[in-house]
Every structure is written in structure tokens, then in C-alpha cells.
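We name chains A, B, ... by the order of the sequence lines, and we start the count at 1 in each one.
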2 protein chains.
Amino acid sequence: MSEECCPELPDCCDMRGLLSFQILWLVSKKSMNGQEISNELGKRRGTKPTPGTIYPALKDLRIKGSVNMERKGRTTTYTLTDNGREGLEIACKYFCNAFGEIFQEYGGLTTEK
Amino acid sequence: MSEECCPELPDCCDMRGLLSFQILWLVSKKSMNGQEISNELGKRRGTKPTPGTIYPALKDLRIKGSVNMERKGRTTTYTLTDNGREGLEIACKYFCNAFGEIFQEYGGLTTEK
DNA sequence: AGTTTAGTATTGGATATCCGATATATTTAT
DNA sequence: ATAAATATATCGGATATCCAATACTAAACT
């Protein structure tokens with residue numbers, strides 16, 4: 001088996017969305033560059049976002065003031081701003097309120113394999 | 001206080017997405033008409049989707065074969081198809097794999113108020 | 001020096017999700 | 001019968017999210 005599980009994409013409904021939210025969540029755990037963020041997203045979503053997806057998203061988050069960019073040589077490190085951390089708190093509340101029941105009812109079933 | 005909590009929308013990131021997934025989840029619990037589905041979404045998201053949001057989404061799900069429509073008088077009742085139920089299972093797996101950690105780390109904190 | 005690789009970035013095109021506005025049909029109320 | 005309310009539906013416009021393709025820069029390699 002591979003190192004991480006490989007979630008299949010359903011054909012019943014669209015699973016896009018919440019990319020910027022998930023980026024903020026990941027960056028809140030650890031400041032990372034674009035490739036590292038893409039890798040973390042790939043682990044969770046099954047497919048790594050392409051450059052045309054991830055870099056515009058990061059640019060928007062910078063414009064919103066949610067993350068800082070610091071370029072050093074070849075890589076750009078993204079760090080959560082204070083503003084971003086406050087917003088993320090609200091976003092997590094919103095997210096858990098909207099989707100929490102799905103985990104409570106379904107989430108526990110997949111861990112016991 | 002009001003009957004349901006009122007999640008605030010963050011300004012740090014976009015919280016759109018997964019509408020069709022959430023509709024399938026709701027309909028899997030109970031066949032409903034458009035207004036009932038909108039009301040359930042409103043409870044979870046804080047704002048009810050407008051007709052311009054919900055009806056095109058339901059139409060797409062019907063075209064995909066995930067739900068059936070049955071019009072009776074003024075209302076149209078939406079029911080999950082077998083195909084939709086299979087897809088929803090996959091979608092839940094995908095969703096929990098992608099976002100589960102956020103609940104595990106954050107979700108429990110909001111229930112104790 | 002020259003080549004390759006890694007990381008970043010933009011462009012163009014597609015789709016889903018959002019709203020506000022408008023419209024229609026059915027039911028209920030007057 | 002008429003009016004009001006309910007439920008459904010479409011249209012136009014905006015934005016986020018997705019990909020494929022292309023391009024650029026800095027580092028590493030030969």
C-alpha cells in the first residue's frame with residue numbers, strides 16, 4: 001500500500017471549495033512555501049493542486065492580509081498574519097457549525113479499518 | 001437567544017463550496033422540497049441560499065442522477081437515488097479525509113459553551 | 001559555462017457557487 | 001373572484017476554484 005490513503009473523487013457532486021480556508025489552516029500549523037502547501041493539500045485531497053490553482057489562491061490570501069509572503073532565493077514562505085489567525089478562528093467556527101454533523105455521524109466509521 | 005446559533009462569516013477566506021455535497025447529505029436524511037432544503041442549509045450556514053442558488057444546484061443534481069424530483073402541486077420533493085447514495089458514501093470518505101483533522105482539533109471546543 | 005531541476009508565477013478556459021431581480025404556477029385568504 | 005402568499009424557476013453578473021500550458025528565476029549539477 002502507499003504511504004497515504006487515496007480518497008476517490010465522487011461523481012455525484014462537486015467537491016471543490018474551501019481551498020483558501022484549508023490553506024490558512026495548514027499555514028496556521030506551520031509556515032510553509034507553496035510546494036509544501038501543495039504537498040499537504042495533495043495528501044488530504046488525493047491530488048496536488050496545480051500551480052495555476054495554488055499561486056493565485058496564495059496571492060489572494062496575501063491581498064486579503066491573511067498571510068505574509070517572504071521570498072528567499074527560490075522559495076516563498078507563507079506565514080499566517082494576526083489578522084489571518086483571528087479570521088481563521090471565525091472560519092473554523094463557521095465550518096464546524098455547517099459540516100460538523102457529517103463527521104459526528106460519518107467520520108468515526110473510517111478510522112477503524 | 002435565537003433558536004439556532006448564528007455563525008459569522010469570516011473575511012479571511014472564502015467559505016463557499018460543497019453546496020451540492022451538503023444538499024445530498026441533507027436529502028439522504030429525509031426527502032425534502034426546495035424550501036425545506038434551503039431552511040436546513042440556512043440553519044447550518046447562517047444564511048438561506050437564494051432561489052438563484054438552490055434551484056440550479058438541485059437541477060444539476062437531478063441531471064447527474066443523484067436525486068429524483070417529484071412535483072406535486074406547488075412543491076417539488078427531492079429524493080436521493082441509489083446512484084446518489086453510492087456517490088454520497090464516496091463523497092463523505094473524501095470529505096472526512098480532507099477536512100477531518102479540523103474537527104478533531106477544533107470541533108470539540110465549540111460544543112462546551 | 002551550460003544544463004537540469006525546483007519553485008514560483010501568469011494566462012486562458014471551464015464549472016460551481018453565490019446574489020439580486022424577475023417571472024410563473026399553485027394554494028390560501030379575503 | 002381577487003388578492004396575497006408560497007414554492008419553484010430562470011437570468012445575468014460576480015468570484016473562487018480547478019486544470020493545462022507557458023514562462024521565469026534561482027539553485028544544483030556536470
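Separating the CG atom of A:Asp11 from the C1' atom of C:dT15 is a distance of 16 Å, rounded to the nearest angstrom. Distance, A:Ile54 CD1 to C:dT10 P: 13 Å, rounded to whole Å. Atoms OH (B:Tyr55) and P (C:dT22) sit 19 Å apart, rounded to a whole Å. In this structure, A:Glu70 atom CD and D:dA26 atom P are separated by 16 Å, rounded to whole Å. Put simply, CG on B:Leu41 is 11 Å from P on C:dT17, counting in whole angstrom units. B:Asp60 has its CG atom 14 Å from the C1' atom of C:dC18, to the nearest Å. Separating the CZ atom of B:Arg62 from the P atom of D:dT8 is a distance of 15 Å, rounded to the nearest angstrom. The CG atom of A:Asn33 sits 14 Å away from the P atom of D:dA27 (whole-angstrom rounding).
The pair A:Lys29-B:Glu105 meets the salt-bridge criterion, with a side-chain N (NZ, NE, NH1 or NH2) lying under 4.0 Å from an Asp/Glu carboxylate O. Residues B:Glu101 and A:Arg44 are paired through a salt bridge, judged by an N-O separation under 4.0 Å between the basic side chain and the carboxylate.
Of the side-chain N and O atoms in A:Thr53, one or more sit less than 4.0 angstrom from OP1 or OP2 of D:dC19. B:Lys48 has no side-chain polar atom (N or O) that falls below the 4.0 Å cut-off from OP1 or OP2 of C:dC19. Note on A:Thr75: every side-chain N or O is 4.0 Å or more away from OP1 and OP2 of C:dA6. Contact between the side-chain N/O atoms of A:Lys59 and the OP1/OP2 oxygens of C:dT10 is found at a separation under 4.0 Å. Using a 4.0 Å cut-off, some side-chain N or O of A:Lys64 falls inside it from OP1 or OP2 of D:dA16. For the OP1/OP2 pair of C:dT17 and a distance below 4.0 Å, the side-chain nitrogens and oxygens of B:Ser20 include at least one atom meeting the criterion.
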If you apply the rule ring pair (Phe, Tyr, Trp, His ring centres under 6.0 Å), what do you find for B:Phe99 with A:Phe99, and how did you get there?
CA-CA 10 Å; B:Phe99 295 103; A:Phe99 295 104; 7.8 Å; no
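Across the interface with DNA chain D, nearest-nucleotide mapping of B:Pro51 and A:Arg71 shows B:Pro51 to be the residue nearer the 5′ end. Closest-nucleotide positions on DNA chain C for A:Gly34 and B:Asp14 were compared, and the one nearer the 5' end corresponds to A:Gly34. Nucleotides of DNA chain D nearest to A:Arg45 and A:Lys72 differ in position, and the one nearer the 5' end is that of A:Arg45.
Without hydrogens or angle criteria, B:Thr76 side chain to B:Glu70 main chain gives no donor-acceptor distance under 3.5 Å.
The shortest non-hydrogen separation linking B:Tyr78 to B:Gly34 is CE1-N, 3.9 Å.
The A:Thr50 side chain lies nearest to D:dC19 when the options are D:dC19, C:dA21, C:dG7.
Taking only distance into account, the side chain of A:Arg16 never meets the base of C:dT17 through a donor-acceptor pair shorter than 3.5 Å. For a distance-only test at 3.5 Å, the side chain of B:Arg74 fails to qualify as a donor-acceptor partner of the base of D:dT8.
Within 4.0 Å (heavy atoms only), A:Thr76 reaches sugar-phosphate atoms of the nucleic acid but no base atom. Residue A:Pro49 is classed as a sugar-phosphate contact, given heavy-atom separations below 4.0 Å to backbone atoms only. At a threshold of 4.0 angstrom between heavy atoms, the contacts of A:Gly17 are confined to the sugar-phosphate backbone, with no base atom among them. Using a 4.0 Å heavy-atom criterion, one finds that A:Phe21 contacts no nucleic acid atom at all.
For the 3.5 Å distance criterion, the side chains of B:Glu89 and A:Tyr106 qualify, holding a donor opposite an acceptor.
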